[in-house]
A.B. asks: 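My structure is below; once you've seen it, I'll send some questions.
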Number of protein chains: 2
Amino acid sequence: MPNPLVRKLENFVRLSPEEKQALERIAQPTRRLGAREDVIRDGERPRHVNVVLEGWACRYKQLEDGRRQVISIFLPGDLCDPHVFVLRNMDHSLGTLTPVVLAEIPETAIRDVAQEYPRLAEALWWEMLMTAAIQREWTVSLGQRLATERLGHLFCELFLRLRAVGMTSETSCEFPITQADLGDAMGLSTVHINRTLKELRAEGLIRLRGRQLTIPDFPALRAASLFDPAYLHYERDPSVSDAD
Amino acid sequence: MPNPLVRKLENFVRLSPEEKQALERIAQPTRRLGAREDVIRDGERPRHVNVVLEGWACRYKQLEDGRRQVISIFLPGDLCDPHVFVLRNMDHSLGTLTPVVLAEIPETAIRDVAQEYPRLAEALWWEMLMTAAIQREWTVSLGQRLATERLGHLFCELFLRLRAVGMTSETSCEFPITQADLGDAMGLSTVHINRTLKELRAEGLIRLRGRQLTIPDFPALRAASLFDPAYLHYERDPSVSDAD
DNA sequence: GCTCAAACTTAACTTGGGTTAGTTCAGTGC
DNA sequence: GCACTGAACTAACCCAAGTTAAGTTTGAGC
């Protein structure tokens with residue numbers, strides 16, 4: 001099973017064997033957590049950059065009165081903030097949604113690798129900018145899209161992000177999170193998530209049973225959700241030859 | 001009138017005269033736009049980094065069916081994406097809300113200045129991370145907060161951001177955008193923005209007339225909106241002496 | 001194969017906010 | 001002074017999504 005961080009970055013730049021090795025060296029498993037545990041909490045001082053190697057995690061923020069918003073979802077290969085250190089304290093928490101294996105990378109290791117391999121530095125930039133683009137798209141979803149569009153859009157996004165790290169079949173992927181988590185992420189109540197899933201199922205746009213999501217007709221779901229994958233920027237740099 | 005970019009960055013690091021001069025040199029006015037014009041449109045290729053010197057601007061995304069979400073608001077001193085160039089095409093538009101004066105900085109100029117002055121590089125990192133933190137907070141607002149909290153929270157945020165560039169009095173600031181724009185930013189209809197403003201006014205939490213916003217009792221508005229300024233990270237680096 | 005808890009599902013009812021369709025107000029141009 | 005325009009404001013009605021309060025399914029642990 002290849003390193004998901006390597007797989008992810010290869011969607012943007014072609015990496016040499018040495019570059020891949022350098023990445024794999026710094027992204028080794030160092031911490032295992034169960035489902036629903038905190039990686040780091042709001043207010044704490046970050047000690048390393050976390051990379052998800054296995055499982056699903058999230059950024060979230062809890063309001064004083066208990067309301068909780070999941071701000072981002074992290075899939076295998078995702079980096080949680082390559083440059084957290086600049087700000088001294090976390091302004092949100094990181095938690096797991098499923099059991100998770102993390103690579104905890106020290107500040108210096110990231111810096112060194114970026115210094116030595118400029119193409120890796122560029123790939124890390126791409127990853128940061130794409131993360132920001134996803135955050136913006138969530139803003140659009142929460143601000144403008146109806147519940148069916150919101151969920152459909154999220155399914156499209158997560159399916160493509162999982163495909164980018166080789167974790168999908170033709171039309172299906174693992175989908176291991178609960179309806180309550182989906183609600184916290186999309187700003188909807190659990191009950192309404194359930195209603196909305198029922199509707200999407202009834203229209204034949206998705207199948208979702210156990211921990212398995214199937215999108216039988218991606219273009220159909222895409223159209224129903226006004227999903228435009230451009231913001232994911234999965235185009236390889238044309239200045240890098242595709243021939244190896 | 002000092003350069004707002006300099007003022008903003010000084011909230012995080014203390015800058016030497018040479019550092020200030022270097023910033024001022026690259027952040028010179030190069031483009032003037034009227035209200036409601038586009039700086040750059042979705043799909044276009046960015047040519048420079050934009051810094052707002054005067055006026056208010058925004059990031060926005062327009063859906064096929066006309067719905068529009070304002071994704072971020074840019075105030076004087078704000079940089080629109082120091083590293084857009086990595087992604088080849090814009091996945092959203094930048095537009096003005098009022099007449100605006102921009103500094104258009106070439107990619108290389110930013111890079112050079114960051115290379116020569118490491119403290120400026122760090123300040124630019126801080127600015128990027130704070131922008132991301134603001135985006136996350138908007139996600140929380142749109143997902144969890146009621147209309148009154150949402151608007152109150154936005155007023156608190158914008159007031160503090162304006163104060164950081166010296167554009168407030170004790171309790172007031174310019175507030176030059178329309179209720180329709182507020183609606184597009186907070187995912188609410190214009191009508192409901194109006195109702196909600198009425199409510200906030202009735203509770204004595206804000207005054208808003210003409211283009212002037214007054215927050216007579218900031219702690220009260222803060223409490224009513226569950227606003228916690230920690231995410232703005234306006235703490236000066238403690239490793240830098242406060243004595244000049 | 002039984003127990004227990006978490007996750008899922010549903011129905012009935014309520015509410016926050018959207019929609020439609022205006023009126024009023026404040027500039028601006030002439 | 002009057003027309004014109006864009007913004008601010010309001011009322012009546014409607015609907016998407018929240019809330020409450022169940023019942024049902026699933027699966028881990030024994």
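In what follows, chains carry the letters A, B, and so on, assigned in the order in which the sequence lines appear, proteins first and then strands, with residues in each chain numbered from 1. All figures in this text were calculated on a predicted structure; none of them were measured in a lab.
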A.B. asks: Considering only nitrogen or oxygen atoms on both sides, find all protein atoms under 3.5 Å from nucleotides 16-20 of chain D and state each distance.
C.D. replies:
{"residue": "D:dA17", "atom": "OP1", "partner": "A:Ala147", "partner atom": "N", "Å": "3.0"}
{"residue": "D:dA17", "atom": "OP2", "partner": "A:His192", "partner atom": "NE2", "Å": "3.2"}
{"residue": "D:dA17", "atom": "O5'", "partner": "A:His192", "partner atom": "NE2", "Å": "3.4"}
{"residue": "D:dG18", "atom": "OP1", "partner": "A:Gly187", "partner atom": "O", "Å": "3.3"}
{"residue": "D:dG18", "atom": "OP1", "partner": "A:Ser189", "partner atom": "N", "Å": "3.3"}
{"residue": "D:dG18", "atom": "OP2", "partner": "A:Ser189", "partner atom": "N", "Å": "2.9"}
{"residue": "D:dG18", "atom": "OP2", "partner": "A:Ser189", "partner atom": "OG", "Å": "3.0"}
{"residue": "D:dG18", "atom": "N7", "partner": "A:Arg195", "partner atom": "NH2", "Å": "2.7"}
{"residue": "D:dG18", "atom": "O6", "partner": "A:Arg195", "partner atom": "NH1", "Å": "3.3"}
{"residue": "D:dG18", "atom": "O6", "partner": "A:Arg195", "partner atom": "NH2", "Å": "3.4"}

A.B. asks: Any protein N or O atoms within reach of nucleotides 3-5 of chain C? Criterion: under 3.5 Å, listing atom names and distances.
C.D. replies:
none

A.B. asks: So, do B:Phe175 and B:Phe155 have ring centers that fall under 6.0 Å from each other?
C.D. replies: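 Here the rings of B:Phe155 and B:Phe175 have centres that are less than 6.0 Å from each other.
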A.B. asks: Just checking B:Trp138 against B:Tyr231, ring centres under 6.0 Å apart?
C.D. replies: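 Here the rings of B:Tyr231 and B:Trp138 have centres that are no less than 6.0 Å from each other.
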A.B. asks: Which pairs count as ring pair (Phe, Tyr, Trp, His ring centres under 6.0 Å) when at least one residue sits in residues 198-219 of chain A, sequence neighbours excluded?
C.D. replies: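 Pairs touching residues 198-219 of chain A that pass the test: A:Phe159-A:Phe218.
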A.B. asks: Produce the list of close N/O pairs, under 3.5 Å, pairing protein atoms with atoms of nucleotides 23-26 of chain D; give distances to one decimal.
C.D. replies:
none

A.B. asks: Give the rounded distance in Å between these two atoms: CG of B:Leu97 and C1' of D:dG6.
C.D. replies: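 For the pair B:Leu97 CG and D:dG6 C1', the rounded distance is 16 Å.
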A.B. asks: How many whole angstroms separate atom CG of B:Leu142 from atom C1' of C:dG17?
C.D. replies: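 Those two atoms, CG and C1', are 14 Å apart.
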A.B. asks: Evaluate the side-chain hydrogen bond (donor to acceptor under 3.5 Å, both in side chains) criterion for residues A:Gln135 and B:Thr139: first the C-alpha distance (whole Å), next the side-chain angles of each, then the deciding distance (0.1 Å), finally the verdict.
C.D. replies: CA-CA 8 Å; A:Gln135 197 68 50; B:Thr139 307; 2.9 Å; yes
A.B. asks: Thinking salt bridges, do B:Asp78 and B:Lys8 make one under a 4.0 Å N-O criterion?
C.D. replies: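 Counted as a salt bridge, because a side-chain N and a carboxylate O are separated by less than 4.0 Å.
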A.B. asks: Measure CZ/B:Arg67 against P/C:dG17 and give the value in whole Å, please.
C.D. replies: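 Atom-to-atom, B:Arg67 to C:dG17, this comes out as 18 Å.
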A.B. asks: Between A:Leu182 (CG) and C:dC8 (C1'), how many Å, whole number?
C.D. replies: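 After rounding, the reported distance stands at 12 Å.
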A.B. asks: May I ask you to check whether over 12 heavy atoms, not counting those of A:Arg45, lie within 6.0 Å of atom CZ?
C.D. replies: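 Count not over threshold, so no.
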A.B. asks: Assess whether a salt bridge exists between B:Glu104 and B:Arg47, defined as any Lys/Arg side-chain N lying under 4.0 Å from an Asp/Glu carboxylate O.
C.D. replies: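 Not counted as a salt bridge, because no side-chain N and carboxylate O are separated by less than 4.0 Å.
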A.B. asks: Kindly say if A:Asn194 contacts the phosphate of C:dC8, meaning a side-chain N or O under 4.0 Å from OP1 or OP2.
C.D. replies: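 Negative; the distance criterion is not met.
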A.B. asks: Rounded to whole Å, how long is the line connecting atom CD of B:Gln144 with atom P of C:dG17?
C.D. replies: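 The answer, rounded to whole Å, is 12 Å.
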A.B. asks: Between C:dT10, D:dC9, D:dA8, which one does the side chain of B:Arg201 approach most closely?
C.D. replies: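 The answer is D:dC9.
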A.B. asks: Regarding A:Glu24 and A:Asn3, do their side chains bring together a donor and an acceptor under 3.5 Å, going by distance alone?
C.D. replies: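 No - no donor-acceptor pair under 3.5 Å links their side chains.
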A.B. asks: Just how far, in rounded Å, is P of C:dG16 from CD of B:Glu199?
C.D. replies: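 So the CD-P distance, B:Glu199 to C:dG16, works out to 10 Å.
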A.B. asks: Give a yes or no on this: more than 12 heavy atoms of other residues, nucleotides or ligands lie within 6.0 Å of atom CE of B:Met128.
C.D. replies: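 Yes, because the 6.0 Å sphere around CE of B:Met128 holds more than 12 heavy atoms from other groups.
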A.B. asks: Give the angle between the helix axes at the two ends of the helix from C:dG1-D:dC30 to C:dC30-D:dG1, taking five base pairs at each end and rounding to 10°.
C.D. replies: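 Comparing the axis at each end, I get an angle of 50°.
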A.B. asks: Is the ring pair A:Phe12/A:Trp126 parallel, tilted or perpendicular, if the boundaries are 30 and 60 degrees?
C.D. replies: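 A:Phe12 and A:Trp126: parallel rings.
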A.B. asks: Do B:His192 and B:Arg195 have a side chain donor and acceptor closer than 3.5 Å?
C.D. replies: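 Present: a donor and an acceptor within the cut-off.
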A.B. asks: Name all pairs fulfilling the side-chain hydrogen bond (donor to acceptor under 3.5 Å, both in side chains) condition that reach into residues 211-227 of chain A, sequence neighbours left out, sorted by first residue then second.
C.D. replies: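 Every pair satisfying side-chain hydrogen bond (donor to acceptor under 3.5 Å, both in side chains) with a residue in residues 211-227 of chain A: A:Ser172-A:Thr214.
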A.B. asks: Near B:Arg32 CZ, under 6.0 Å, is it more than 12 heavy atoms from other residues, nucleotides or ligands?
C.D. replies: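 No, the 6.0 Å shell around CZ holds no more than 12 heavy atoms from other groups.
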A.B. asks: Please determine, by modelled atom types, if A:Arg59 and A:Ser72 share a side-chain donor-acceptor pair under 3.5 angstrom.
C.D. replies: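 Yes - a donor-acceptor pair under 3.5 Å links their side chains.
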A.B. asks: Rounded to whole angstrom units, what separation is found between the CD atom of B:Gln179 and the P atom of C:dC25?
C.D. replies: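 One finds 15 Å between P of C:dC25 and CD of B:Gln179, rounded.
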A.B. asks: Nearest-Å distance, CZ (A:Arg211) to C1' (D:dG27)?
C.D. replies: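 A:Arg211 atom CZ is separated from D:dG27 atom C1' by 10 Å.
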A.B. asks: Below 4.0 angstrom from OP1 or OP2 of C:dT9, is there any side-chain N or O of A:Lys198?
C.D. replies: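 No, A:Lys198 has no side-chain N/O under 4.0 Å of OP1/OP2 on C:dT9.
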